[in-house]
Amino acid sequence: MGTTGGRLLGMILKGYPRISESFISSEILLLESLGVPMEIYSLRRPRESFVHPHVRGIKAGVTYIPEYVLPNLGAIIRSNSELAREIGCRYAWCFRRAIARAFSLRKTATIRHFLQAGHLARTKLSNPAVGHIHAHFCHTPASVAFFASELTGLPFSFTAHAKDIYTSDAEQLVRKIGAARFVVTCNRYNARFLSAAAENGGCSTPIHTIYHGIDTGYFTFAAPSTPAPPYRILSVGRLVAKKGYDDLLRALAILDRSGLGFCFTHIGTGDLSETITRMARECGLDGKVRFMGTLAHDSVISHYRDAHCFVLASKVAGNGDRDGIPNVLVEAMACGVPVVSTHVSAIPELVEDRSTGLLVPPGDPSAMAGAIREVLIGSPAARERAARARAKVETEFDNRKCVLKLHALFQRVLNSDENRSLLSE
């Protein structure tokens with residue numbers, strides 16, 4: 001069973017597999033290749049009809065935990081009742097704490113998370129081979145992991161990403177950090193935020209910065225060609241407020257009015273699909289923009305290869321949501337596409353202004369239009385930045401290097417003799 005003393009890692013995910021979270025499935029595959037056996041516990045079934053090819057190489061079994069209580073009431077009540085009989089007072093103590101927290105937060109979701117954790121504990125975590133629980137995202141998955149840890153005595157950890165950090169209740173975030181064995185996050189900007197929250201809450205939990213990285217062999221480099229009109233501008237991302245597609249469309253309208261010949265392609269879907277599509281028409285960009293929806297990775301790479309410029313107009317949304325380091329920026333840079341983005345969150349950790357790309361202030365369509373024009377017209381400088389961008393990705397964002405740090409953390413906890421579920425005693 002590899003390098004973990006025969007113990008399994010239980011990985012709690014909000015959904016699996018997900019096209020927009022290929023970094024998680026890539027991480028799982030790499031951890032398995034390093035000898036970490038695991039089981040995947042998903043709180044949601046896949047919503048896409050296709051998966052990334054590397055998902056097929058993952059050996060871990062997948063268990064789908066009921067997403068909602070009422071449609072699965074019988075199974076959830078049965079498993080929680082069996083667990084309550086098995087651990088007695090511990091279940092009652094944990095349940096009272098969950099009820100108190102639900103009343104304090106005025107959120108029934110807390111009870112759902114507790115019942116999901118109880119179901120998971122009874123059906124899967126009684127396996128004595130499971131030695132540690134890890135959740136991706138510090139909202140729902142970490143809540144389930146928190147309760148599962150309370151119920152079973154197994155230690156847990158979680159990886160925090162972007163929206164899950166900045167839209168979480170501060171007190172609950174600190175509670176989860178304090179209970180976790182360790183916390184991982186995917187950039188230094190997040191780590192500073194989490195460390196400050198932990199310090200204010202009196203927590204000493206270690207917080208580790210580990211970039212997701214990408215498969216640099218899959219996203220191969222091709223030096224950018226000399227662009228010519230109509231210039232091909234590309235963006236990949238969810239159509240949500242923090243991605244700034246309203247600002248990007250205004251920037252494109254500025255370029256259109258200036259007489260620049262271009263076509264713009266967007267890949268992705270999201271809650272603002274209708275709004276952004278309508279805005280494109282209102283900006284007079286009919287015939288110049290294409291909304292492609294969700295595409296498989298092979299198709300996305302073809303669009304990277306074809307693009308003269310990749311743009312992401314990230315900003316902080318009204319609810320505090322923001323990007324960390326969007327993987328699509330790493331992918332575009334790896335492929336040799338000159339990139340334009342904004343000074344938001346951790347993006348400057350990847351895109352160094354005028355060294356590996358161009359950065360502009362968020363919410364400034366005029367500055368964004370100027371940067372896009374500079375990339376398209378000033379091609380020699382853009383080609384030099386693209387070469388430096390690829391070198392940065394290879395040095396700091398190669399997922400085979402990044403995952404070694406995560407592997408060391410899991411190896412340590414899975415080899416600990418303390419990591420045994422109370423249900424297996």
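When reading the values below, keep in mind they use all heavy atoms of this one structure, side chains included, and skip hydrogens, waters and symmetry mates. This is a predicted model, so every value here is computed, not measured.
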Donor-acceptor pairs are to be reported for all side-chain atoms of residues 56-63 against protein atoms at under 3.5 Å, with residues two or more places apart or in another chain.
none

Inset, instruction - Pick out which of Lys401, Glu394, Arg400 makes a side-chain hydrogen bond (donor to acceptor under 3.5 Å, both in side chains) with Thr216. - result: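 Passing option: Arg400.
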
Between [atom1] on residue [X] and [atom2] on residue [Y], distance to nearest 0.5 Å:
X      : Y      : atom1 : atom2 : answer
Thr277 : Phe291 : OG1   : CZ    : 4.5 Å
Ser42  : Ile12  : OG    : CD1   : 10.5 Å
Leu406 : Tyr211 : CG    : OH    : 15.5 Å
Arg305 : Phe219 : CZ    : CZ    : 9.0 Å
Ile77  : Leu73  : CD1   : CG    : 5.0 Å
Thr265 : Leu234 : OG1   : CG    : 6.5 Å

Legend entry - Expected output: side-chain Thr159 to main-chain Thr185 donor-acceptor under 3.5 Å: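 Not a single qualifying donor-acceptor pair exists.
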
Should the pair [X]-[Y] be classified as a salt bridge under the 4.0 Å nitrogen-to-oxygen rule?
X      : Y      : answer
Asp246 : Lys315 : yes
Asp321 : Lys242 : yes
Glu274 : Arg278 : no

Legend entry - Passing option when Tyr41 is tested against Val144, Leu125, Ile133 for side chain to side chain contact (heavy atoms under 4.5 Å, CB included):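 Only one of Val144, Leu125, Ile133 forms a side chain to side chain contact (heavy atoms under 4.5 Å, CB included) with Tyr41, namely Leu125.
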
Inset, instruction - Determine whether the aromatic ring centres of Phe114 and Phe95 lie less than 6.0 Å apart. - result: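 Yes; Phe95 has its ring centre under 6.0 Å from that of Phe114.
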
Inset, instruction - Determine, using ring centers only, whether Phe147 and His113 are less than 6.0 Å apart. - result: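 No; Phe147 has its ring centre 6.0 Å or more from that of His113.
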
Inset, instruction - May I ask you to check if Arg390 and Phe221 form a cation-pi contact, with NZ or CZ under 6.0 angstrom from the six-membered ring centre and within 45° of the axis? - result: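 Relative to the ring axis of Phe221, which defines the angle, Arg390 lies outside at least one limit.
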
Legend entry - Phe158 six-ring centre to Lys176 NZ/CZ under 6.0 Å and within 45° of normal: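 Here Lys176 fails the 6.0 Å and 45° test against Phe158.
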
Does [X], at its [atom1] atom, have more than 12 non-hydrogen atoms belonging to other residues, nucleotides or ligands within less than 6.0 Å?
X      : atom1 : result
Arg238 : CZ    : no
Lys163 : NZ    : no
Asp271 : CG    : no

Inset, instruction - For Asn327 and Phe23, work out which heavy atoms get closest and say how close. - result: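 Scanning both residues completely, I find the closest heavy atoms to be ND2-CB, 3.5 Å.
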
Inset, instruction - Considering non-hydrogen atoms only, spot the tightest contact between Ser314 and Pro362 and give its length. - result: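 Answer, listing the atom of Ser314 first, then Pro362: O-CB, 3.6 Å.
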
Legend entry - Matching residue for Glu67 among Lys14, Arg45, Arg47 - test: salt bridge (charged side-chain N to carboxylate O under 4.0 Å, His left out):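 One option only clears the test, and that one is Arg47.
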
